[in-house]
Amino acid sequence: MSLVLYDTLRRDKVPFDPRIEGEASVYVCGPTVQAEAHVGHGRLAVVTDVLRRYLGFRGYQVTFVQNVTDIEDKIILKARREQVAPAVVATRYTHLWNRTMDTLNVRPPDIQPFATGHVLEMQGLIQELIDQDKAYEVGGDVFFRVRSFPGYGKLSRRQVDDMQQGEDVVDADRKEDPLDFAMWKSAKPDEPSWPSPWGDGRPGWHIECSAMAAKHLGEGFDIHCGGLDLVFPHHENEIAQHEAAHGGTFARNWVHNGMVRMGDEKMSKSIGNVVALAEALERWGVGPLRLWYLSAQHRTPLTFASERLQDAVAVHQRFVTFVRSARAAAGDVTPDPAVGERHRDAFVAAMDDDLNAPAAVATLHELVSDGNDRLGRATAGDEAARAEVAALAALLVEICDEVLGLGLDDTLAQAAALESRLAPMVDGVLASREKARADRDFATADAIRDQLTAAGIVVEDGPDGPRWYTAVQVPPALEE
RNA sequence: GGCGGGGUAGCCAAGUGGUAAGGCAGGGGACUGCAAAUCCCCCAUUCACGGGUUCGAUUCCCGUCCCCGCCUCCA
């Protein structure tokens, strides 16, 4: 049994076969820091974060690189509008991105290379291509000669001759061929630029990933991730630049995630239908949001709708509730891990199959059902059941937090902290309610419970008296 | 037009050449003073449609319809 990943280049699921046994090198196309992250970006982040966490869970030593595109047309434009330096804009949104990723519980990359910090590496690669006659300079711009690379189109399965040679080709007058693309753009007035053998200018977008991935992970690294919308031309061009210059294989596996949709349109800044990731996080919380991301296989489209997020809230609730109840029932008993084995195996089998997250989460539901089934006996004091329930809760938390990044433990810890502060008050109120109940004054008892519920405190009456805890906040529906 | 992905219950969503995981919603029951939480039971003879291959297809092949993505910036 081993991990299998769908590889866009081969159009097939293939066993993960790392360049170096026991290690995994992953490169992800990062943000262009010119605006806030939206929910679509969050999907890439969560999918790649789960990939990375799962590789670690499976014992691989992972090196995870995600770049930041900090020089680009839109950044320059925005800076001009705000009358600040482009670097101001880039820095601001880089910080914002990192902060939002942190809130999303996405582990920071091992290396976060910036395009502007790798201009020399890019120039080196461009020069190699020029030297090999695979690129050419025209008036300070350098273009990649697409037809010089026989493999061009292999990732996106396009025939060079079939490609739409549209009327709106940028720089058509200077290119030898409309398909050629810019690797170096000559400086325009009031734009940041770097000196180069071809005159002052700045790098094109595609060249940065070729240069940075090779620099930090080396040739033939294991996995390159990105949104499905980057397959062409971005990733195709990355391959072309690297492989035309050096031969060999640029990346061994291409993992692409599907788009987030609003209704039946792609969520995209240019369409203008984006929801800010930070806003979604605030509204639904990390756990539910990540569960929503994981509710569809990573290559298929995922529709953003508040009802779907509500479903995820319910799932999150169920997991948290089980852990809370299990811990209460188990106390400090020594867990009996044997009960968890089949659930762990089922989870691993689902994830091994191209990170089948929906199937994997389904195994967790089965784990929780199994646990809840034993909960009654555990609560009644059955030693074996307590040990089993303890183990199942521990396994659930391990999987949810380490692999899926849901932060169940954090959620419970935060609740516990709040609960300990509220305890004196709530316990007092509950004591008077118990007195009312003992007097069979249920009207009073229910009124008290209703008030506590309204205050966000859940009261559950059990055979050993009432139990209470703070409710996980139920978010308001998204006004459409 | 080219390339790619997809159409599975009210909704979301896995999946397999041998007769459909899981979740949400819904219905019934147990527990409870009533709730909540939990448990049990029910909820697709059917997988867009029409053909074909097969002992057998939702799963393979062909055709049709519909949806989405990329082909320009885009996670």
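Below, chains carry the letters A, B, ... as their sequence lines are ordered, and counting in each starts from 1. None of these values were measured; they are calculated from a predicted model.
Nucleic acid contact for A/E366: sugar-phosphate only, since backbone atoms but no base atoms lie under 4.0 Å from a heavy atom of the residue. Backbone-only contact: A/L230 has heavy atoms under 4.0 Å from sugar-phosphate atoms and none from a base.
Rounded to whole Å, the P atom of B/G23 lies 15 Å from the corresponding atom of B/C43. Spacing between B/A25 and B/C62 at atom C1', rounded to whole Å, works out to 39 Å. Between B/C60 and B/C73, the distance separating the two C1' atoms is 40 Å to the nearest Å. Only the C1' atoms considered, B/A36 is 15 Å distant from B/A30, to the nearest whole Å. Separation of the P atoms belonging to B/G5 and B/G10 is 28 Å when rounded to the nearest angstrom. The separation of B/U32 from B/U19, taken at their P atoms, amounts to 41 Å, rounded to a whole angstrom.
The two residues A/R299 and A/H256 come nearest to each other via the heavy atoms CG-O, 3.1 Å.
In summary, the side chains of A/D427 and A/W468 do present a donor paired with an acceptor at a separation below 3.5 Å, with no hydrogens or angles considered.
For A/K266 and B/C70, the shortest distance from a side-chain N or O to OP1 or OP2 is below 4.0 Å. An OP1 or OP2 oxygen of B/A75 is reached within less than 4.0 angstrom by a side-chain nitrogen or oxygen of A/H41. Remark: A/N372 is not in phosphate contact with B/A37, judged by side-chain N or O atoms under 4.0 Å from OP1 or OP2.
Ion pair A/D73/A/K188 not flagged as a salt bridge, since none of the NZ, NE, NH1 or NH2 atoms sits closer than 4.0 Å to an Asp/Glu carboxylate oxygen. Remark: A/R449 engages A/D446 in a salt bridge, criterion side-chain N to carboxylate O under 4.0 Å.
One can place CD of A/Q310 at 18 Å from P of B/G23, the figure rounded to the nearest angstrom.
Judged by a 6.0 Å distance limit and a 45° cone about the ring axis, A/R107 is not positioned over the six-membered ring of A/F64.
With B/C73, B/A37, B/A21 as the choices, the nucleotide that has an atom nearest any side-chain atom of A/T321 turns out to be B/A37. The A/F232 side chain lies nearest to B/C70 when the options are B/C70, B/G22, B/A14.
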